[in-house]
Amino acid sequence: MLDRRTLFKGSAAVAAVVATSQTIARDVAANTSVAANHALALDRIAPRGHDGIMVRYGTLDLESHNDLISGIRVWTGSNSRRAAADRAAEIYARNGIALDAELSMKQVLELVKDDPIISMWAYSWMDTQHIKWKMLRNHFHARYDEFLSEMERFDNAGPGVLEMDTKLHVPGYCRHEIHQQPGGYVGDPFAGHIYHYATNVTADRRNDQDQSYMNFAALTPIPEDGKVRRILDLGTGIGQYATSIKRRFPNAEVWGIDVSAPMLRYGHMRAVDMGVAVNFSQRLAEDTKFPDGHFDMVISHLLHHELTGDATNAVYKEAQRILRPGGQFYGIDTYTNQAVPRTAMGQFELFWVYRWNREDWQLEWSEVEQEAGIKKAGMKVWRTPDKLVNGNSVRGYNNVVGTKI
């Protein structure tokens with residue numbers, strides 16, 4: 001008989017498919033009491049309790065290490081980056097190039113690749129990324145059976161349902177180690193756990209109560225007729241946007257879909273822990289299997305830059321198909337609210353995250369003609385109101401929206 005560890009040996013694609021040995025889809029509310037669900041939520045592995053909705057780090061040692069990494073990332077993203085940007089400006093001036101000049105990626109790399117200050121910024125940022133992933137993966141794998149058993153206890157719990165598709169074909173474009181996360185999103189049973197705590201480090205502990213997602217949910221435009229009965233979150237990951245939009249629209253039926261079984265299992269467990277009734281299902285964003293005209297709103301956050309250009313255009317078409325007339329498509333991502341950076345520093349950062357942070361489709365996404373693609377799919381394109389900080393649009397504002405005609 002296979003044990004839990006045996007199930008997850010092999011390639012990333014295989015791991016995603018065999019993450020669950022059966023399809024889980026049942027109306028939990030009909031056969032599970034509120035008291036039982038509450039008791040289950042209290043059964044989370046939380047030796048150091050909760051910080052609000054966030055289960056605290058399992059050990060003080062892990063928490064202190066991640067606090068240190070958070071602090072270093074703040075430095076790399078602020079002081080160090082400003083120094084690198086200033087140096088890029090100096091290199092431009094020395095070569096008689098205007099700061100707003102648009103150069104090819106090859107030209108940019110030739111200008112800045114050997115500069116020590118720019119390299120210091122880039123490699124410091126990357127080293128913190130490596131350390132963060134390693135610490136978190138080691139923590140969850142050290143208690144492998146315990147954490148896997150915890151997810152199994154929640155698989156059939158509610159509120160909300162969890163549907164897994166063991167026969168789903170995992171596309172090749174999502175089988176790599178996105179952001180250098182070990183195993184990527186599909187190849188490690190604790191991908192959801194690792195992703196959640198790692199992104200909390202990236203956000204410098206400023207999203208541990210889903211603050212950013214609650215803000216995105218508040219900004220999400222609704223159909224002109226005000227009817228919000230069904231909402232779909234594409235590429236939901238661990239469901240932070242889905243649970244946040246459900247909290248804004250408690251009477252709506254909310255679904256979150258993703259290709260990753262481990263991310264969905266963690267997201268479902270987390271939603272049950274929060275008592276938020278979101279339904280999670282393992283499906284493709286470009287082929288959701290939902291009926292025509294089924295949803296009032298289709299949303300996503302940071303999905304498109306993880307897709308090929310062809311997949312993004314397929315998602316536009318699929319969103320149009322499953323939206324009812326007047327329904328809204330609202331996908332927040334890099335470049336959905338501001339132009340692709342063409343300065344030397346912007347181009348260098350774009351190449352850096354593509355080449356060394358395993359954003360394999362970032363360059364392709366930067367070339368997608370978003371508004372044209374949404375219009376071609378059969379939607380009217382418009383933008384939400386803007387908000388500027390230091391001259392830059394804030395994510396979620398000035399965002400492209402598609403309304404089904």
Side-chain angles (χ1 to χ4, degrees), residues 3-12 15-16 18-20 40-74 76 124-155 176-210 237-240 258 260-274 357-358:
D3 61 18
R4 294 184 181 89
R5 293 173 184 266
T6 305
L7 274 175
F8 287 97
K9 289 180 179 178
S11 69
V18 302
T20 302
L40 180 61
L42 294 177
D43 198 30
R44 285 293 305 275
I45 300 176
R48 302 180 63 241
H50 284 64
D51 285 330
I53 63 173
M54 186 90 178
V55 175
R56 296 188 68 183
Y57 288 93
T59 65
L60 178 60
D61 183 62
L62 179 65
E63 184 171 1
S64 63
H65 275 83
N66 277 276
D67 281 346
L68 174 63
I69 294 302
S70 293
I72 296 173
R73 284 188 67 94
V74 170
T76 60
S124 296
W125 188 93
M126 196 56 59
D127 285 345
T128 60
Q129 193 85 324
H130 293 154
I131 296 168
K132 172 187 69 176
W133 293 128
K134 181 179 180 180
M135 288 191 305
L136 289 168
R137 187 179 187 278
N138 288 348
H139 173 73
F140 291 110
H141 278 259
R143 301 171 67 179
Y144 195 106
D145 291 330
E146 189 175 358
F147 280 112
L148 201 57
S149 294
E150 179 186 49
M151 284 195 292
E152 290 171 350
R153 291 198 301 272
F154 278 80
D155 281 346
H176 63 282
E177 294 192 330
I178 300 171
H179 307 146
Q180 300 183 67
Q181 179 171 336
Y185 294 169
V186 300
D188 190 296
F190 306 120
H193 298 71
I194 296 169
Y195 173 89
H196 190 197
Y197 288 89
T199 54
N200 196 33
V201 170
T202 304
D204 188 30
R205 307 292 291 276
R206 290 174 294 181
N207 191 42
D208 56 1
Q209 304 303 311
D210 290 357
I238 62 170
Q240 289 170 293
D258 203 284
S260 168
M263 298 279 271
L264 289 171
R265 293 184 81 187
Y266 180 83
H268 171 71
M269 177 175 68
R270 184 172 178 273
V272 173
D273 199 23
M274 294 167 62
N357 199 37
R358 292 309 306 270

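We count residues from 1, following the sequence as given.
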Test side chain to side chain donor-acceptor pair (under 3.5 Å) applied to Q181 - qualifying residues, sequence neighbours left out: none

Residues in side chain to side chain contact (heavy atoms under 4.5 Å, CB included) contact with I131, at least two apart in sequence or another chain: I69, M135

Y57 backbone acceptor or donor facing R48 side chain under 3.5 Å: yes

Heavy-atom closest pair, residues F154 and D273: CE2-N, 4.4 Å

E177: partners by side chain to side chain contact (heavy atoms under 4.5 Å, CB included), with sequence neighbours left out: none

Side-chain donor/acceptor of H268 to backbone N/O of L264, under 3.5 Å: no

S64 side chain vs D61 backbone, donor-acceptor pair below 3.5 Å: yes

Any side-chain heavy-atom pair of Y144 and P189 under 4.5 Å: yes

Point-to-point distance, once rounded to the nearest 0.5 Å, from CG of D208 to NE2 of H196: 8.0 Å

Separation between CZ of R44 and NE2 of H50, rounded to the nearest 0.5 Å: 6.0 Å

Side chain to side chain contact (heavy atoms under 4.5 Å, CB included) partners of D204, counting only residues at least two apart: S70, V74, R206

Minimal non-hydrogen separation, A191 against G184, with atom names: CB-O, 3.8 Å

Nearest-0.5 Å distance, CG of residue D258 to CZ of residue R265: 14.5 Å

Non-hydrogen side-chain atoms of E150 and R153 separated by less than 4.5 Å: yes

Set of side chain to side chain donor-acceptor pair (under 3.5 Å) partners for D210, sequence neighbours left out: Q240, R270

Gap between atom OH of Y195 and atom CH2 of W133 - 0.5 Å precision: 8.0 Å

Over all atoms of both residues, closest heavy-atom pair of V55 and I45: CG1-O, 3.6 Å

Whether D51 side chain and R56 backbone form a donor-acceptor pair below 3.5 Å: no

H193 and Y266 aromatic ring geometry - parallel, tilted or perpendicular at 30°/60° bounds: tilted

Output field: ring centroids H141/F190 closer than 6.0 Å: yes

Contact check, side chains of N207 and T202, non-hydrogen atoms, under 4.5 Å: no

Separation of K132 NZ from L68 CG (nearest 0.5 Å): 13.5 Å

Heavy-atom closest contact (D188 atom, R137 atom, distance): OD2-NE, 3.3 Å

Test side chain to side chain contact (heavy atoms under 4.5 Å, CB included) applied to H139 - qualifying residues, sequence neighbours left out: T59, L62, F147

With Q180, the side chain to side chain donor-acceptor pair (under 3.5 Å) member among R358, H130, Q129: H130

Inter-residue atom distance L60.CG - D67.CG, 0.5 Å rounding: 9.0 Å

Derivation and outcome, side-chain contact (heavy atoms from CB on, under 4.5 Å), residues N200 and N66: CA-CA 9 Å; N200 196 33; N66 277 276; over 6 Å; no

